[in-house]
Amino acid sequence: MELFKPEYGLVFWMFLAFACLYFILAKWAWPFIIKSMEERADLIDKGVAYAQEAKAHLDNAKAEANQVIAEARKQQADILRDAAKMKSTLIEEAKAAAAEEAKKVTEAAQVAIDQARKESEKQLRREVSAFALQIAEQVVRQNMANDNAQRALVEKLLNEVETKN
């Protein structure tokens, strides 16, 4: 039971030790602790202010980024629209050029065909003429085989010449 009933001497010495410890802590430790706590509070306040400022900058940056993205999308749409127009224009020009080139090729082919046909006709006439001359030569040779036939032919030709003049 002695623990629950301390003696006055023990209480006095405990009080004296507590007072010394309190004085030493109050003189040197607590000012340092309070100063450290105030510095820490200031640092936390500055951190909060910096965080709020960073959040504001981030919000502004997000808004600017959204604006830039919207502008970029608009430019992209304009570029795509212009590209589509240019594509259709180029296709139309290519079709027109191809049609014109096809017309030129067709006309050149027609000219070549006409020339080839005329050349074929000339060659055919030459061949027919050559054949006709060969046939006529053979007929004349057969008819002119004797002297009487030759004389009769010469007289006939002379009579025709005289009648024409």
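Keep in mind the model is a prediction, meaning the values are calculated, not measured.
- Atom CD of residue E38 and atom CG of residue D45 lie 11.5 Å apart, to the nearest 0.5 angstrom.
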Inset, instruction - Carefully, step by step, assess R126 and E119 under the rule salt bridge (Lys or Arg N to Asp or Glu O under 4.0 Å). - result: CA-CA 11 Å; R126 275 187 249 130; E119 187 63 33; 3.6 Å; yes

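- Distance check, rounded to the nearest 0.5 Å: CG of N159 to CD of E162 gives 6.0 Å.
- Between D42 and K46, no side-chain nitrogen of the basic residue sits less than 4.0 Å from a carboxylate oxygen of the acidic one, so the salt-bridge criterion is not met.
- Atoms CD and CD, on E127 and Q123 in that order, are 5.0 Å from each other to the nearest 0.5 Å.
- Counting heavy atoms from C-beta on, the side chains of Y22 and W30 come closer than 4.5 Å.
- Side-chain contact between V11 and Y8 is absent, with no heavy-atom pair separated by less than 4.5 Å.
- In this structure, L124 and E121 have side chains that are not in contact, with every pair of non-hydrogen atoms separated by 4.5 Å or more.
- The local environment of CD in Q67 is sparse, with at most 12 non-hydrogen atoms from other residues, nucleotides or ligands closer than 6.0 Å.
- When hydrophobic clusters are built by joining Ile, Leu, Val, Met, Phe, Trp and Tyr residues whose side-chain heavy atoms come closer than 4.5 Å, directly or via intermediates, F32 is not grouped with I24.
- Heavy-atom minimum distance, P31 versus A26: CD-O, 3.4 Å.
- Around CZ of R117, the count of heavy atoms belonging to other residues, nucleotides or ligands within 6.0 Å exceeds 12.
- Of the charged side-chain nitrogens involved, none lies within less than 4.0 Å of a carboxylate oxygen, so that E93 and K87 do not count as a salt-bridged pair.
- At least one side-chain heavy atom of K55 sits less than 4.5 Å from a side-chain heavy atom of D59.
- Rounded to the nearest 0.5 Å, atoms CD (Q134) and OG (S129) are 11.0 Å apart.
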Legend entry - Working for side chain to side chain contact (heavy atoms under 4.5 Å, CB included), residues K95 and I91: CA-CA 6 Å; K95 284 181 181 178; I91 289 173; 3.8 Å; yes

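- Distance check: M37 CE to R40 CZ gives 11.5 Å after rounding to the nearest 0.5 Å.
- Between M86 and D82, every side-chain heavy-atom pair lies at or beyond the 4.5 Å cut-off.
- One distance of note links NE2 of H57 with CD of E64; it measures 10.5 Å at 0.5 Å rounding.
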